[in-house]
Amino acid sequence: MSLVLDSAAQDLLFREARTANSFTDEPVTEEQVQAIYDLVKFGPTAFNQTPLRITLVRSPEARERLVKHLAEGNQAKTAAAPLVAILSADNEFHEELPALLPHFPQAKDMFFAERPAREQSALLNAALQAAYFIVGVRAAGLAAGPMTGADLAGVQKEFLDGDHTPLMIVNIGKPGEDAWFPRSPRLAFDEVVTTV
């Protein structure tokens, strides 16, 4: 293969990794989450914006408040996961741009003065960051169970505010017994890639 990443790391991050549906009861520590974020924060985004926000749902009370907004098939596994994260997009991310893009501080007002432009950019770039986050969870030797099967408007009202758009819920932990469904097919290279 022409990849620099060794085969074991490729398996850990991609080939063998799948969405987990059950977890052990081993806790996920703050240190692990910090290490994951400290790795994935370097993923590229437009204008170096950082719209992703991560709300860790740890307390039983908060977990109960979250589970009621999930689709029925997602409730039990979320209730039992060692850690759950709500990933959202901060639509006011532009306020941080002068510090994050010091060579072009005027980008804040030049490109993101209007709320619709901010929302569109926040959604795309936070989704990119969410994908990095999932890969980071895998790099930590944990499994991720990302889900969008939820009343996201209800999640927003329960945990966020009008400036934060929820993207997904991610269950996190060591995979439990029968954690994986069989691997679903993927499109082949020739079905996806076109050369012009």
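Quantities reported herein were computed from a predicted structural model and do not represent experimental measurements.
Counting only residues at least two apart or on different chains, no ring-ring contact (aromatic ring centres under 6.0 Å, His included) pair has a member in residues 124-167. A ring-ring contact (aromatic ring centres under 6.0 Å, His included) check over residues 25-59, counting only residues at least two apart or in different chains, returns the pairs Phe47-Phe111, Phe47-Phe112. Applying the salt bridge (Lys or Arg N to Asp or Glu O under 4.0 Å) definition to pairs two or more places apart or across chains, none involves residues 124-148.
Cluster annotation: Met110 and Leu101 are assigned to the same hydrophobic cluster (Ile/Leu/Val/Met/Phe/Trp/Tyr, side-chain heavy-atom contacts under 4.5 Å, transitive). Linking ILVMFWY side-chain heavy atoms closer than 4.5 Å, directly or via other members, places Val170 and Leu52 in a single hydrophobic cluster. If you chain together hydrophobic residues whose side chains sit under 4.5 Å apart, Ile172 and Ile54 fall into the same group. There is no path of hydrophobic side-chain contacts, each under 4.5 Å, that joins Trp180 to Phe23. Taking hydrophobic clusters as Ile, Leu, Val, Met, Phe, Trp and Tyr residues chained together by side-chain heavy-atom distances below 4.5 Å, Leu142 does not share a cluster with Val84.
Partners of Glu95 according to the side-chain hydrogen bond (donor to acceptor under 3.5 Å, both in side chains) rule, which considers only residues two or more places apart in sequence or in another chain, are Lys108. Remark: Arg115 pairs with Glu92, Glu119, Asp163 by the salt bridge (Lys or Arg N to Asp or Glu O under 4.0 Å) rule, at least two apart or across chains. Glu64 pairs by the side-chain contact (heavy atoms from CB on, under 4.5 Å) definition with nothing, not counting sequence neighbours. Asn21 meets the side-chain contact (heavy atoms from CB on, under 4.5 Å) test with Lys77, Phe181; sequence neighbours excluded. Residues forming a salt bridge (Lys or Arg N to Asp or Glu O under 4.0 Å) with Lys174 (at least two apart in sequence, or on another chain): none. Applying the side-chain hydrogen bond (donor to acceptor under 3.5 Å, both in side chains) test to Thr78 and every residue at least two apart in sequence or in another chain returns Asn171. The side-chain contact (heavy atoms from CB on, under 4.5 Å) search around Ala153 returns Asp151, not counting sequence neighbours. For the side-chain contact (heavy atoms from CB on, under 4.5 Å) test, residues two or more places apart in sequence or in another chain that qualify with Thr19 are Pro146.
Heavy atoms from other residues, nucleotides or ligands lying under 6.0 Å from CG of Asp38 number more than 12. Within a 6.0 Å sphere centred on NZ of Lys157, other residues, nucleotides and ligands contribute 12 heavy atoms or fewer. Heavy atoms of other residues, nucleotides or ligands lying less than 6.0 angstrom from CD of Gln106 number more than 12.
With hydrogens and angles disregarded, a donor-acceptor distance shorter than 3.5 Å links the side chain of Gln75 to the backbone of Leu70. Counting only distance, with no hydrogens or angles, the side chain of Asn125 and the backbone of Thr45 share no donor-acceptor pair below 3.5 Å. Here the side chain of Arg183 pairs a donor or acceptor atom with the backbone of Arg15 at under 3.5 angstrom.
How far CD of Glu114 is from CG of Asp109: 10.5 Å, rounded to the nearest 0.5 Å. The CG atom of Asn91 sits 4.0 Å away from the OG1 atom of Thr165 when rounded to the nearest 0.5 Å. Interatomic distance, CD1 of Ile134 versus CG of Leu13, reported as 12.5 Å (0.5 Å rounding). Note that CG of Leu152 and CE of Met147 are 10.5 Å apart. Values are rounded to the nearest 0.5 Å. Residue Ser88 holds its OG atom at 9.5 Å from CD1 of Ile169, rounded to the nearest 0.5 Å.
Across all their heavy atoms, Pro82 and Val28 have their closest contact at CB-CG2, 4.1 Å. Of all the heavy atoms in Pro51 and Ala122, the pair that sits closest is CG-O, 3.7 Å. Contact between Thr50 and Gln129 at its shortest, heavy atoms only, is CG2-NE2, 3.4 Å. Contact record, Ile36 with Gly136: CG1-O, 3.7 Å, taken as the closest heavy-atom pair. Between Thr24 and Pro175 the shortest heavy-atom distance is CG2-O, 3.4 Å.
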Would Asp178 and Ser22 satisfy side chain to side chain donor-acceptor pair (under 3.5 Å), going step by step from the backbone distance to the final call? CA-CA 7 Å; Asp178 298 322; Ser22 71; over 6 Å; no

Could you check Leu167 against Leu123 for side chain to side chain contact (heavy atoms under 4.5 Å, CB included), going step by step and ending with a plain yes or no? CA-CA 8 Å; Leu167 303 171; Leu123 186 63; 3.3 Å; yes

Please test Leu160 against Thr55 for side chain to side chain contact (heavy atoms under 4.5 Å, CB included), starting from the C-alpha separation and ending with a verdict. CA-CA 9 Å; Leu160 306 171; Thr55 304; 3.8 Å; yes

Might you work through the side chain to side chain contact (heavy atoms under 4.5 Å, CB included) test for Val57 and Arg65, ending with a clear yes or no? CA-CA 10 Å; Val57 182; Arg65 289 170 38 219; over 6 Å; no

Test side chain to side chain donor-acceptor pair (under 3.5 Å) on Ser121 and Gln49; report intermediate values, then the result. CA-CA 9 Å; Ser121 190; Gln49 64 185 269; 2.8 Å; yes

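A heavy-atom distance below 4.5 Å is found between the side chains of Ile86 and Leu66. At a threshold of 4.5 Å between non-hydrogen side-chain atoms, the residues Asn48 and Leu97 do not count as touching.
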For a quick test of your reading: what N or O donor-acceptor pairs under 3.5 Å do the side chains of residues 186-196 make, sequence neighbours left out?
unit_1: Arg186; atom_1: NH1; unit_2: Ser184; atom_2: O; d: 3.1
unit_1: Glu191; atom_1: OE1; unit_2: Ala188; atom_2: N; d: 2.7

